[in-house]
Amino acid sequence: MNRKTITNLLGGVALTAVSILGGTTAASAVELPCTTAKLIVPWGAGGGTSVIFGIFEKAIDSSDAPVKVKVVTVPGQGGAKGAKEAHAAKPDGCTLFAIHQHLPVNYINGVTDFSWDGFEPVAMLTDTPEIIGAGGHVPYEDLEGMLAAAKENPGAIPTGVSMGATSHFLWIMLGAKTDTDYAYVPFQGGTAGRITGLLNGSIDLGGINMAAARTQRGDGKLKAFAIAADERNPLIPDVPTLKEKGVDMTYSLTRGVMLPKGTPKEIVDYWAGVFKAPTEDQEFVDAQAAKGTAVVYLGPEDYAAWWEGTEKEFLDAAKALKVGRFQ
């Protein structure tokens, strides 16, 4: 779902989740059977998601929240291993789950038999647009050149992805929008692995992160053709959006928190308030922005509505292209 949709939801959000900033609140009346809740991050330590939620962990630990959180990485199966563990956890408020669009992708690929609605949405927290990148060795200099090359060589340009994951769906959806196809090369290690492949020339195309887009283009080792956002990012103002280039598409990793299905509403609201507090701190927001990640908060009801629309986009693309369980 694009940034405009998120903004529209924010415009109508009812901030019912209780903030912990003022000390004693209604949230403090919720009693949990733990003093520290486990926050399952279904990817390896050091990855973008674990880093972002590690920052939230530190912010919550330094707050007056009566129950703290501890990030526990459970990598494997493209995020599905950790999702399955969280899905099976007790709905007592002591197990939280860090999520982005990997879960509908896992469902589409048949890796899980549940999607986002197998959990109780707590809060959307951050939004990180994807950047269409290339190695410095490719002969084309912009998105138009890339798409022209893809049309001249359908299914031939080596493109680094984690097969069946969100990085794969980025190119699937771009292909559907532009009538192009790519030769997908499986890469482990997430974005870092793909960037290594772009730098050493083993792949031509791949999604890159903000750090690479800012620091590794000046020497010509990487190229950035477009950002999949509604607006240009001030950190890389020379990189146009896909929409500016005539491709009506946005694509980002939008991270948030879930609880096991059946968790009581008062516990959902408690955790929504706990995670909302850091998003209201300007230093925290600025620190995330410096990494190319926007802090975008939605509470439980609006986050659920966002998921409904977002999953439909993924399902529609999978059905149209006969991907995964829709083959």
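Only this structure's heavy atoms are used, side chains among them; waters, hydrogens and symmetry mates stay out.
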Subject >> Verdict with supporting geometry, Thr95 and Ile40, side-chain contact (heavy atoms from CB on, under 4.5 Å) >> reply: CA-CA 7 Å; Thr95 301; Ile40 294 176; 3.9 Å; yes

**OP:** Mind checking ring pair (Phe, Tyr, Trp, His ring centres under 6.0 Å) for Trp43 and listing every partner two or more places apart, or none if nothing turns up?
**Re:** His100, His102

Subject >> Side-chain donor or acceptor of Glu311 paired with backbone N/O of Glu308 under 3.5 Å >> reply: no

Original post:
Do Thr310 side-chain atoms and Trp307 backbone N/O form a donor-acceptor pair below 3.5 Å?
Top reply: no

Original post:
Measuring from Leu205:CG to Tyr140:OH, what's the distance to the nearest 0.5 Å?
Top reply: 4.0 Å

Original post:
Could you state the interatomic distance from OH (Tyr270) to CG (Leu259), rounded to the nearest 0.5 Å?
Top reply: 11.0 Å

Original post:
For His168, what residues pass the ring pair (Phe, Tyr, Trp, His ring centres under 6.0 Å) criterion, not counting sequence neighbours?
Top reply: Tyr184

Original post:
Do you see a donor-acceptor pair shorter than 3.5 Å between the side chains of Thr254 and Asp127?
Top reply: yes

**OP:** Give, for atom OH of Tyr303 and atom CG of Leu298, the distance between the pair rounded to the nearest 0.5 Å.
**Re:** 8.5 Å

Original post:
Side chains of Val41 and Val74: does their closest heavy-atom pair fall under 4.5 Å?
Top reply: no

**OP:** I would like to know whether Trp171 and Thr180 meet side-chain contact (heavy atoms from CB on, under 4.5 Å); could you show each step before the answer?
**Re:** CA-CA 9 Å; Trp171 295 91; Thr180 55; over 6 Å; no

**OP:** Could I get the full list of ring pair (Phe, Tyr, Trp, His ring centres under 6.0 Å) partners for Phe119, not counting sequence neighbours?
**Re:** His87, Phe97, Phe114

Original post:
Per the side chain to side chain contact (heavy atoms under 4.5 Å, CB included) rule, which among Thr263, Val69, Leu39 passes with Trp271?
Top reply: Val69

**OP:** Quick one: do Leu198 and Leu222 satisfy side-chain contact (heavy atoms from CB on, under 4.5 Å)? Show the steps, please.
**Re:** CA-CA 7 Å; Leu198 293 171; Leu222 287 179; 3.6 Å; yes

**OP:** Would you please say whether a donor-acceptor pair under 3.5 Å links the side chains of Ser50 and Thr73?
**Re:** no

Original post:
Is a side-chain donor or acceptor of Thr196 paired with a backbone partner of Ala192 at a separation under 3.5 angstrom?
Top reply: yes

Original post:
Taking C-beta and beyond as the side chain, do Pro186 and Ser162 meet within less than 4.5 Å on heavy atoms?
Top reply: no

Subject >> Ser252 backbone acceptor or donor facing Gln101 side chain under 3.5 Å >> reply: yes

Subject >> Residues, nucleotides or ligands: over 12 heavy atoms within 6.0 Å of Gln282 CD >> reply: yes

Original post:
Going by heavy atoms in the side chains, are Thr279 and Phe56 under 4.5 Å from each other?
Top reply: yes

Subject >> Beyond-backbone contact of Lys70 with Glu57, side-chain heavy atoms, under 4.5 angstrom >> reply: yes

If you look only at distance, which donor and acceptor atoms sit under 3.5 Å apart when one is on a side chain in residues 316-327 and the other is two or more places apart or in another chain?
residue, atom, partner, partner atom, Å
Asp316, OD2, Lys312, NZ, 2.8
Arg325, NE, Tyr107, O, 2.6
Arg325, NH2, Tyr107, O, 2.8
Arg325, NH2, Thr112, O, 3.3

**OP:** Quick one: closest heavy-atom pair of Val111 and Ala80, and the distance?
**Re:** CG1-CB, 3.3 Å

Subject >> Heavy-atom side-chain contact between Pro237 and Arg232 under 4.5 Å >> reply: no

Original post:
Which residue pairs pass the salt bridge (Lys or Arg N to Asp or Glu O under 4.0 Å) test when at least one of the two sits in residues 138-167, sequence neighbours left out?
Top reply: Glu141-Lys223, Glu144-Lys245

**OP:** I would like to know whether Cys34 and Val67 meet side-chain contact (heavy atoms from CB on, under 4.5 Å); could you show each step before the answer?
**Re:** CA-CA 7 Å; Cys34 56; Val67 179; 4.3 Å; yes

Original post:
Can you find a heavy atom in the side chain of Asp204 that is under 4.5 Å from one in the side chain of Tyr182?
Top reply: no

Original post:
Do Ile208 and Arg194 touch side chain to side chain, with heavy atoms closer than 4.5 Å?
Top reply: no

Subject >> Side-chain donor-acceptor contact under 3.5 Å, Arg255 with Thr128 >> reply: yes

Original post:
Would you say Leu96 and Val30 are hydrophobically clustered, going by side-chain heavy atoms of ILVMFWY under 4.5 Å?
Top reply: yes

Subject >> Audit row: Tyr297, Phe275, ring-ring contact (aromatic ring centres under 6.0 Å, His included) steps and yes/no >> reply: CA-CA 9 Å; Tyr297 180 87; Phe275 279 92; 9.3 Å; no

**OP:** Flag yes if more than 12 heavy atoms outside Lys81 fall under 6.0 Å of its NZ atom; otherwise flag no.
**Re:** no

Subject >> Partner residues of Glu231 under the salt bridge (Lys or Arg N to Asp or Glu O under 4.0 Å) criterion, sequence neighbours left out >> reply: none

Original post:
Restricting to pairs with a member in residues 47-56, which pass salt bridge (Lys or Arg N to Asp or Glu O under 4.0 Å), not counting sequence neighbours?
Top reply: none

Subject >> All pairs passing salt bridge (Lys or Arg N to Asp or Glu O under 4.0 Å) where residues 106-123 contributes a residue, at least two apart >> reply: none

Original post:
Which pair of heavy atoms, one from Pro91 and one from Gly262, lies closest together, and at what distance?
Top reply: CB-C, 3.7 Å

Original post:
CD/Glu31 to CD1/Ile267 distance, rounded to the nearest 0.5 angstrom?
Top reply: 10.5 Å

Original post:
Shortest non-hydrogen contact from Ile227 to Val239?
Top reply: N-CG1, 3.8 Å

Original post:
Counting only N and O atoms by type, is there a donor-acceptor contact under 3.5 Å from the side chain of Thr241 to the main-chain atoms of Glu244?
Top reply: yes

Original post:
Between the main-chain N or O of Leu170 and the side-chain N or O of Glu130, is there a donor-acceptor pair closer than 3.5 Å?
Top reply: no

Original post:
With sequence neighbours left out, what residues match Lys84 under salt bridge (Lys or Arg N to Asp or Glu O under 4.0 Å)?
Top reply: none

Original post:
Do any N or O atoms from the side chain of Tyr251 and from the backbone of Ala229 form a donor-acceptor pair under 3.5 angstrom?
Top reply: no

Original post:
Shortest non-hydrogen contact from Glu313 to Met173?
Top reply: O-CE, 4.2 Å

**OP:** Find the distance between CG (Leu253) and CD1 (Ile52) and round it off to the nearest 0.5 Å.
**Re:** 8.5 Å

Subject >> Approximate separation, where rounding is to 0.5 Å, of Thr293 OG1 and Met210 CE >> reply: 8.0 Å

Original post:
Which pair of non-hydrogen atoms, one from Ile131 and one from Ala213, has the smallest distance, and what is that distance?
Top reply: CD1-CB, 3.9 Å

Subject >> Charged N-O contact under 4.0 Å between Lys276 and Glu280 >> reply: yes

Original post:
Of all residues at least two apart in sequence or in a different chain, which pass the salt bridge (Lys or Arg N to Asp or Glu O under 4.0 Å) check with Asp179?
Top reply: none

**OP:** Taking all non-hydrogen atoms of both residues into account, name the closest pair between Ile203 and His137 and its distance.
**Re:** O-CE1, 3.2 Å

Original post:
Is there side-chain contact between Pro300 and Asp269, with at least one heavy-atom pair below 4.5 Å?
Top reply: yes

**OP:** Kindly state each residue pair satisfying salt bridge (Lys or Arg N to Asp or Glu O under 4.0 Å) with at least one member in residues 161-177, sequence neighbours excluded.
**Re:** none

Subject >> Asp281: partners by salt bridge (Lys or Arg N to Asp or Glu O under 4.0 Å), with sequence neighbours left out >> reply: none

